[in-house]
J.: 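Got a structure for you, questions after.
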Amino acid sequence: MAGIELVNVQKSYVVEKRNVQVLSGISLQVPEESITVILGKSGCGKTTLLRLVGELEQPDGGEIRYGAVHKTAFVFQEPRLMPWLNVTDNICFGLKKQALDSLEIQSIIYTVGLEGFERAYPFQLSGGMQQRVSIARALAYQPTFIMMDEPFAALDYFTREQMQRELLRVQKSQGASILFVTHSIDEALLLGHKIVIIEEGLIKAEFDLPKSEKLPNLLDEEFIEWKRNIIQNLNVHI
Ligand SMILES: Nc1ncnc2c1ncn2[C@@H]1O[C@H](COP(=O)(O)OP(=O)(O)O)[C@@H](O)[C@H]1O
Ligand SMILES: [Mg+2]
């Protein structure tokens with residue numbers, strides 16, 4: 001089996017002696033070598049789902065089946081850097097010695113736009129820059145499967161767009177599988193080969209998007225039509 005398969009996955013938490021059912025039965029295929037986006041409102045269970053797939057937590061019921069052996073990386077909602085390490089050392093943290101040569105490290109630093117900050121410490125960086133270090137750290141590991149939890153939420157519009165396009169490029173050139181969580185419809189449409197909408201612990205809708213060779217344009221008619229479709233499914237009123 002290729003990719004990852006979730007079969008009737010359930011998860012609840014006990015909060016102040018009350019049982020909170022977060023995921024009520026999620027069945028989902030995460031195909032290989034493409035970007036699957038989990039889209040939903042805050043609190044709908046996106047992070048919980050990602051943590052289950054990343055085996056940071058165990059489901060109460062159901063099963064998660066993993067295909068080929070994966071080299072996995074996780075980008076959290078917040079940067080989680082080592083405060084005592086500079087940018088380069090944070091990026092290389094956890095890598096075997098000489099896993100990457102200095103040119104490769106420099107190319108990753110360039111990809112996330114942090115050239116000139118190689119020796120800076122996290123406290124000297126903005127929140128967005130710190131998050132870019134954590135994305136660079138994930139890329140440096142050269143994973144075949146990347147889980148990303150709203151990784152661009154702290155970035156300004158321009159940096160965010162640049163990083164989204166960079167991620168598309170990296171995914172295409174490395175053929176990685178990506179499971180990407182967001183609450184942004186535009187981001188989901190820009191990145192996703194497949195978009196999965198979660199609401200009240202269940203999959204509300206799934207879309208398979210045709211992807212052309214060229215990068216999508218947010219103002220194309222086709223794009224706007226998809227957006228309309230998703231907005232209707234999300235029950236949001238604008
Ligand atoms: N460790 C936990 N203990 C108790 N409740 C949790 C825990 N993690 C998440 N929750 C609850 O699960 C729900 C979904 O959370 P989360 O998966 O973080 O949502 P999202 O990422 O979509 O914003 C929320 O109601 C949240 O309070
Ligand atoms: Mg979350």
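Start at 1 and go down the list; that is how both ligands and their atoms are numbered.
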J.: Is there a donor-acceptor contact under 3.5 Å linking the side chains of Glu78 and Gln130?
T.: no

J.: In the hydrophobic clustering that connects Ile, Leu, Val, Met, Phe, Trp and Tyr at side-chain heavy-atom distances below 4.5 Å, which members other than Tyr110 occupy its cluster, ordered by chain and number?
T.: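 ILVMFWY cluster around Tyr110 holds nothing else.
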
J.: Looking at atom 26 (C) of ligand 1, tell me if a protein heavy atom falls under 4.0 Å from it.
T.: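 Given the 4.0 Å cut-off, atom 26 (C) of ligand 1 does not count as touching protein heavy atoms.
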
J.: Return a yes/no value for Thr47: is any of its N or O atoms, backbone included, closer than 3.5 angstrom to an N or O of ligand 1?
T.: yes

J.: Can you tell me which residue and heavy atom of the protein come closest to atom 6 (C) of ligand 1, and the distance to 0.1 Å?
T.: Tyr13 CD1, 3.2 Å

J.: Is there a polar contact between ligand 1 and Val20, counting only N or O atoms under 3.5 Å apart?
T.: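 No - when backbone and side-chain N and O of Val20 are compared with those of ligand 1, no distance drops under 3.5 Å.
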
J.: Tell me whether Val15 has any N or O atom under 3.5 angstrom from an N or O of ligand 1.
T.: no

J.: State the atoms of ligand 1, each with its element, that fall below the 4.0 Å cut-off from a heavy-atom position in Lys41.
T.: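 Result: 22 (O).
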
J.: Does atom CD of Glu200 have more than 12 heavy-atom neighbours from other groups under 6.0 Å away?
T.: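 No, CD of Glu200 has 12 or fewer neighbouring heavy atoms, counting only those of other groups under 6.0 Å.
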
J.: Near Ser42, which atoms of ligand 1 are under 4.0 Å from a heavy atom of that residue?
T.: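 Ligand 1 atoms under the 4.0 Å threshold to Ser42: 23 (O).
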
J.: Can a donor-acceptor pair be found between the side chains of Gln164 and Glu187 at a distance below 3.5 Å?
T.: yes

J.: Examine Val14 against ligand 1 and note whether any of their N/O atoms are separated by less than 3.5 Å.
T.: no

J.: Just jot down the side-chain contact (heavy atoms from CB on, under 4.5 Å) partners of Leu202, sequence neighbours excluded, or say none.
T.: Ser24

J.: Other residues, nucleotides and ligands only: do more than 12 of their heavy atoms fall within 6.0 Å of CZ on Phe223?
T.: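 Yes, CZ of Phe223 has more than 12 neighbouring heavy atoms, counting only those of other groups under 6.0 Å.
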
J.: Under 2.8 Å from the Mg ion (ligand 2), is there an N/O/S atom belonging to Ser42?
T.: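 Under 2.8 Å: Ser42 has no N, O or S contact with the Mg ion (ligand 2).
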
J.: Establish whether atom 17 (O) of ligand 1 and some protein heavy atom are separated by less than 4.0 angstrom.
T.: yes

J.: Does OH belonging to Tyr13 count more than 12 external heavy atoms closer than 6.0 Å?
T.: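 Atom OH in Tyr13 is packed in, count exceeds 12.
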
J.: Without hydrogens or angle criteria, can the side chains of Thr159 and Gln162 be said to hold a donor-acceptor pair below 3.5 Å?
T.: no

J.: Within ligand 1, which atoms have a heavy atom of Val22 less than 4.0 Å away?
T.: 12 (O), 13 (C), 14 (C)

J.: Looking at ligand 1, does Cys44 have a heavy atom less than 4.0 Å from it?
T.: yes

